[in-house]
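Just so we're on the same page: letters track the sequence lines, and every chain starts at 1.
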Number of protein chains: 2
Amino acid sequence: MIGGVRLREEKRSLGEQAYLSLREAIVTLRLKPGQMVYESELAELLDMSRTPIREAIRTLVVDDLIEVLPQRGMKVSLISTTKVEEARVIREVLEIASLKGGIDRWKNFSDTHDELAAVVESCLAWQKRAAARGDIKDFLDADEAFHRAIVMVGKNRTLQSVVGQMRAHLNRVRVLSVGKLENFDVLLDEHNALYQNIKKGDQSEALSILMHHLRRLVTDMPLVQAAYPDYFTS
Amino acid sequence: MIGGVRLREEKRSLGEQAYLSLREAIVTLRLKPGQMVYESELAELLDMSRTPIREAIRTLVVDDLIEVLPQRGMKVSLISTTKVEEARVIREVLEIASLKGGIDRWKNFSDTHDELAAVVESCLAWQKRAAARGDIKDFLDADEAFHRAIVMVGKNRTLQSVVGQMRAHLNRVRVLSVGKLENFDVLLDEHNALYQNIKKGDQSEALSILMHHLRRLVTDMPLVQAAYPDYFTS
DNA sequence: GATTATCCACTTGTATGCCAGTATTCTCTA
DNA sequence: TAGAGAATACTGGCATACAAGTGGATAATC
């Protein structure tokens, strides 16, 4: 465990592999909202039997990313603006609380914070490279790693996990807005500013940046919904 | 859907039934922390094949309530004081945010609030009856329903669900303290006071009561751990 | 007596087939 | 031509069988 960012498990069951593959496909919209999918089809796609697919699906149902229609098939969940806003609120509340609890402790620079700082800085560099290439997917991966790291300022692994679950819902919308409505340079500047203010212990400023950052989705979502009405619940 | 408290689904798969049964058994400590359990044993116990049991277990693993030891069996997760404290913090932060967002709206009494008020009041009556009988399990069920309802003051279903997940961890400790360290009458008074202050829109007082209420666990947990050391991680 | 290798009983992981439910299509009748 | 009923093709839910991994017990060796 380095700076709260969990190292990749070396040995995963087929079910776990299926879960990660399918979740990634849903969050990046390769499996589109509203699209019908079938157990046997996914089994063939991922080159395994239905059993591990079913295991993965069980967890994706818990994540609210797939909806099972018994004996009919399954549907990738449509994006619910209510669900996205609820998830955003939860994320905001938890990340703010996490930073409030953690920024004061950051001042007492320890080895643990050295590790965390290293991870955060590598994520910022990764984002910069992705932005330079205009690679939206890579940028979002780096964005995800950055926020996963930042939230560990508050040293609460369970909170990190809950916020990660919420981010899956937000990212289905952000995939459609990053690069268009969400400008790379603006996002990079905000991430840098957030981190610099954490480092110097300016809690008030850091929280202000974070709230501004997270509320962009509120503005963007109606525009995304207008552009992709089929992806959203009515 | 009445007052945010989801009506019981009439038709559940065997896997869903298994999940609810096993989760309840874990949270109420009928399946004890650290206890080894086996798929075939649980299948026999719940009178079904291993397949729905495995489905239920997948979700219990996500809940962090069961730990699979591949090819060896499974273990009911030991209670981690770190995990309990992290879950408590998340619950506190989210419930406070929910009430903050909702108490102001409560003043504008609508039909929706009439329904919520009815549910809350029926839960308070349920708790009183359970306390009168000294029925700890029943009291905790009513407590659970009460808090599930109260949190819907903020009208965020996703938040309600996340807080419910957190409460599972807290309740494994509370099962051991309610009736002993946690006095029924004190808990009843606090629930009543919380509700009365929500009704009259006194946000400051309601939040103060809620925080006091939720922090009792901080005091109780070391005592519970001392009394039941085998239930806790070292 | 200690160490190492082997075996076995146990488990979970996975594959597959059957059952039952659902929706669409086809056929028959008025 | 339209409506009702039957047939069919598809699905997920579930049971069961087989594969593979693990750790303890036992035997063999030094």
For atom CE of B/Met36 and atom P of C/dT12, their distance in whole Å | 8 Å
A/Glu41 CD - D/dT11 C1' separation (whole Å) = 12 Å
Only one of A/Leu78, A/Thr81, A/Val84 clears side-chain contact (heavy atoms from CB on, under 4.5 Å) with A/Phe232; which?
-> A/Thr81
Please state how far atom NZ in A/Lys75 lies from atom P in D/dC10, giving the value in whole angstrom units.
-> 21 Å
Which nucleotide in C/dT22, D/dG21, C/dG13 has an atom nearest any side-chain atom of B/Val68 = C/dG13
Measure distances between side-chain N and O atoms of A/Arg50 and base N and O atoms of C/dG17, and say whether any donor-acceptor pair falls under 3.5 Å.
-> yes
Taking only the side-chain heavy atoms of B/Arg54 (C-beta and beyond), determine which of C/dT12, D/dG12, C/dG21 contains the nearest atom.
-> C/dT12
Atom CG of B/Leu14 and atom C1' of D/dG13: how far apart are they, to the nearest Å?
-> 8 Å
How do B/Gly73 and B/Thr51 order along DNA chain C: which one's closest nucleotide is nearer the 5' end?
-> B/Gly73
Send over the distance from B/Arg72 CZ to C/dC10 C1', rounded to a whole Å.
-> 6 Å
Answer yes or no: does atom CD of A/Glu41 have more than 12 heavy-atom neighbours from other residues, nucleotides or ligands under 6.0 Å?
-> yes
Polar pair under 3.5 Å, donor/acceptor by atom type, side chain A/Gln71, base C/dG21 = no
Out of D/dG21, C/dT12, D/dA15, minimum distance to the side chain of B/Pro70 belongs to C/dT12
Would you call the rings of A/His147 and A/His191 parallel, tilted or perpendicular, where under 30° means parallel and over 60° means perpendicular?
-> perpendicular
Measure from the side-chain heavy atoms of A/Ser49 and tell me the nearest of C/dT12, C/dG13, C/dT16.
-> C/dT16
Can A/Trp126 and A/Asp141 be counted as having a side-chain donor-acceptor contact under 3.5 angstrom?
-> no
Atom pair distance, as rounded to whole Å: CD1 in A/Ile66 and C1' in D/dG12 | 13 Å
Between CD of A/Glu44 and P of D/dT11 the distance, given in whole Å, is 11 Å
Shortest non-hydrogen contact from B/Val178 to B/Ile136?
-> O-CD1, 3.4 Å
What is the distance from CD of A/Glu55 to P of C/dG13, rounded to the nearest Å?
-> 7 Å
